[in-house]
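Structure record follows, encoded as structure tokens.
On a predicted model such as this, the values are computed, not experimentally measured, just so you know. Only this structure's heavy atoms are used, side chains among them; waters, hydrogens and symmetry mates stay out. Convention: sequence-line order gives letters A, B, ...; per-chain numbering from 1.
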Protein chains: 2
Amino acid sequence: MSLTFFKSEMMSIDTSSLVDKVEESLVALLRERKLGVGDVIPKEIELAELLGVSRTVIREALTRLRLMGLIESKKRKGSVITSPDLFGMMSKSMNPHILDQDTLKEIFELRLVLEIGIADLLFHRVTKEDIDELKQIVADEPPVTQYHIFNIDYEVAFHSKLYEITNNQTLKKFQKMLLPVFDYVHHSGLLKKQSLLRTFVSHKDLVDILENGNPEKFRNGMRDHLENHFARIFDFS
Amino acid sequence: MSLTFFKSEMMSIDTSSLVDKVEESLVALLRERKLGVGDVIPKEIELAELLGVSRTVIREALTRLRLMGLIESKKRKGSVITSPDLFGMMSKSMNPHILDQDTLKEIFELRLVLEIGIADLLFHRVTKEDIDELKQIVADEPPVTQYHIFNIDYEVAFHSKLYEITNNQTLKKFQKMLLPVFDYVHHSGLLKKQSLLRTFVSHKDLVDILENGNPEKFRNGMRDHLENHFARIFDFS
DNA sequence: ATCTTTGATATGTCATACATAATACTAATA
DNA sequence: TATTAGTATTATGTATGACATATCAAAGAT
């Protein structure tokens with residue numbers, strides 16, 4: 001037998017634990033039985049018998065599903081299937097103090113990408129009320145000084161509202177999760193200091209574009225509005 | 001005592017389970033002790049004693065951390081802290097068959113947002129080799145017919161390469177995770193059928209823009225390239 | 001008929017024992 | 001001496017049984 005044979009054999013050895021397999025089995029089971037949101041799944045002991053493992057393993061597997069937001073467990077009632085919260089879990093590990101620097105910077109970039117990319121969604125879904133609300137937010141902002149020192153609260157309020165307008169909950173949750181990281185990176189020494197070269201497209205300008213312009217203009221406006229951040233990214237390396 | 005008193009009492013009752021608390025305690029513990037990637041954490045029994053709970057509870061809590069990608073457990077060695085894989089967990093629940101329709105559509109949108117938003121990253125980081133590779137991919141594609149029936153494989157190859165050029169691993173992983181969902185939504189009856197109105201900006205056009213144009217042109221080009229998808233989204237509701 | 005109590009039930013927690021795999025240590029062999 | 005084979009140790013993985021607790025439902029009291 002050749003060495004490569006052994007290697008391929010080695011590679012194919014199942015390194016997953018029992019719980020891993022049970023987890024898969026459970027997901028498969030749910031799909032098989034076409035169980036949807038709201039349906040209760042068999043109780044732990046039954047599952048243990050069905051799959052031929054101990055309740056401990058079942059419980060660990062169920063814990064994972066619960067963690068994924070796939071099920072919710074209630075005493076006496078059992079576990080019911082719920083619509084998975086994609087970001088519920090993720091947000092727990094989205095801790096700036098734990099993430100490494102590279103990832104942090106990448107998340108910073110990700111936010112910029114999103115803000116520019118949502119232009120079309122915005123224009124298609126924005127309402128008169130949204131425009132009014134944005135105007136109100138802008139009106140409440142302190143006057144922009146020459147040095148463009150922005151208040152993080154107003155910054156968040158404005159951009160959060162934009163995500164809201166997209167009417168895309170997934171996107172909204174995603175942004176909410178990214179926020180603390182963005183804030184952290186912004187204030188940490190991870191990126192080059194702000195250059196403050198010139199005055200950029202303001203929030204007010206963006207609202208104007210959203211009201212009277214088109215997606216293309218908005219993308220360019222947003223790109224310019226974020227120039228400060230982009231400059232910090234690109235200057236770093 | 002008034003009713004509202006009772007109500008507020010009720011509300012403030014901690015509904016979280018022991019495991020929930022232990023989980024928080026553990027994360028706090030790690031941060032407190034300033035444990036970084038690679039450090040081993042105390043063994044399960046020690047943690048059980050330290051926090052005054054059974055090993056079962058500790059294990060469930062550790063399972064969660066492991067699931068978050070915060071730690072890795074090895075027999076005999078114990079558990080060591082790892083750099084959390086933000087999307088490792090998420091990708092498990094990113095199962096088209098499990099997600100509800102609204103979320104699926106939102107993810108579909110998310111992909112479009114990303115592709116348009118990455119223009120600046122692309123232009124800042126693209127190399128001559130990348131351009132060549134893209135040209136090669138395009139050259140291998142079958143001729144685009146009038147009806148714009150695209151082959152999903154070539155589609156994926158091209159767009160994946162774009163994400164690669166951004167040199168943003170987080171973004172890349174994110175895209176990889178979104179792919180199956182996008183594919184699923186594309187083929188499912190969730191969205192309106194393709195309208196096939198006209199010929200759009202092709203992959204080749206995009207490469208040209210990336211080579212000779214600027215971010216703004218690329219964003220517009222990509223927007224046009226994706227017009228088909230956007231039309232399906234916006235026509236739905 | 002309504003409220004209270006009680007009991008049944010399924011998950012939550014605990015304790016213990018054993019299995020398994022990876023490492024460290026020891027001893028045998030060249 | 002160095003290398004290998006075997007053995008012991010150790011921490012996680014799995015199994016089992018017991019009890020705690022919360023919730024629902026039915027029986028019972030008002």
Roughly, in whole Å, what's the span from [atom1] in [X] to [atom2] in [N]?
X	N	atom1	atom2	value
B:L18	D:dT21	CG	P	11 Å
A:K74	D:dT21	NZ	C1'	15 Å
A:I45	D:dA18	CD1	P	12 Å
A:K43	C:dA8	NZ	P	14 Å
A:L47	C:dA10	CG	P	12 Å
A:I71	C:dA10	CD1	C1'	13 Å
B:E44	C:dT16	CD	P	16 Å
A:I58	D:dG13	CD1	P	17 Å

Side-chain donor/acceptor of B:R59 to base of D:dT12, under 3.5 Å: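 Result: no qualifying N/O pair found.
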
Looking at B:S54 and C:dA15, is any side-chain donor or acceptor paired with a base atom of the opposite kind under 3.5 Å?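 Such a pair does not exist between side chain and base.
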
Relative to the 5' end of DNA chain D, which residue comes earlier, A:K75 or A:R55, by the nucleotide with the nearest heavy atom?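 The answer here is A:R55.
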
With a 4.0 Å cut-off on heavy atoms, is B:S73 in touch with a base, just the backbone sugar-phosphate, or nothing at all?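 Sugar-phosphate, no base atom in range.
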
Mapping A:L62 and A:T56 to their closest nucleotides on DNA chain C, which lands nearer the 5' end?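 Its nearest nucleotide being more 5', the pick is A:L62.
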
Of all the choices, D:dA25, C:dA24, C:dT11, which nucleotide is nearest to the side chain of A:S79 once you look at every atom?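 Minimum distance to the A:S79 side chain belongs to C:dT11.
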
State whether B:D140 and B:K135 are salt-bridged, where the test is any N-O pair (Lys NZ or Arg NE/NH1/NH2 against Asp/Glu carboxylate O) under 4.0 Å.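 Looking at B:K135 together with B:D140, the answer is no, because their closest N to O distance does not fall below 4.0 Å.
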
Got a salt bridge between A:E109 and B:R125, using NZ or NE/NH1/NH2 to carboxylate O under 4.0 Å?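 Result for this pair is yes, salt bridge flagged.
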
Counting only side-chain nitrogens and oxygens, does B:K77 get under 4.0 Å of the OP1 or OP2 atom of D:dA11?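 The answer is no; no side-chain N or O of B:K77 sits under 4.0 Å from OP1 or OP2.
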
Taking atom CD1 of B:I165 and atom NZ of B:K161, what is their separation to the nearest 0.5 Å?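 Here the interatomic distance stands at 5.0 Å.
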
Would you please classify the geometry between the A:H124 ring and the B:F234 ring as parallel, tilted or perpendicular, with 30° and 60° separating the classes?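 Rings of B:F234 and A:H124: parallel, as their planes differ by under 30°.
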
If the test is salt bridge (Lys or Arg N to Asp or Glu O under 4.0 Å), which one of A:E46, A:E49, A:E44 qualifies with A:R55?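 Output: one option passes, namely A:E44.
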
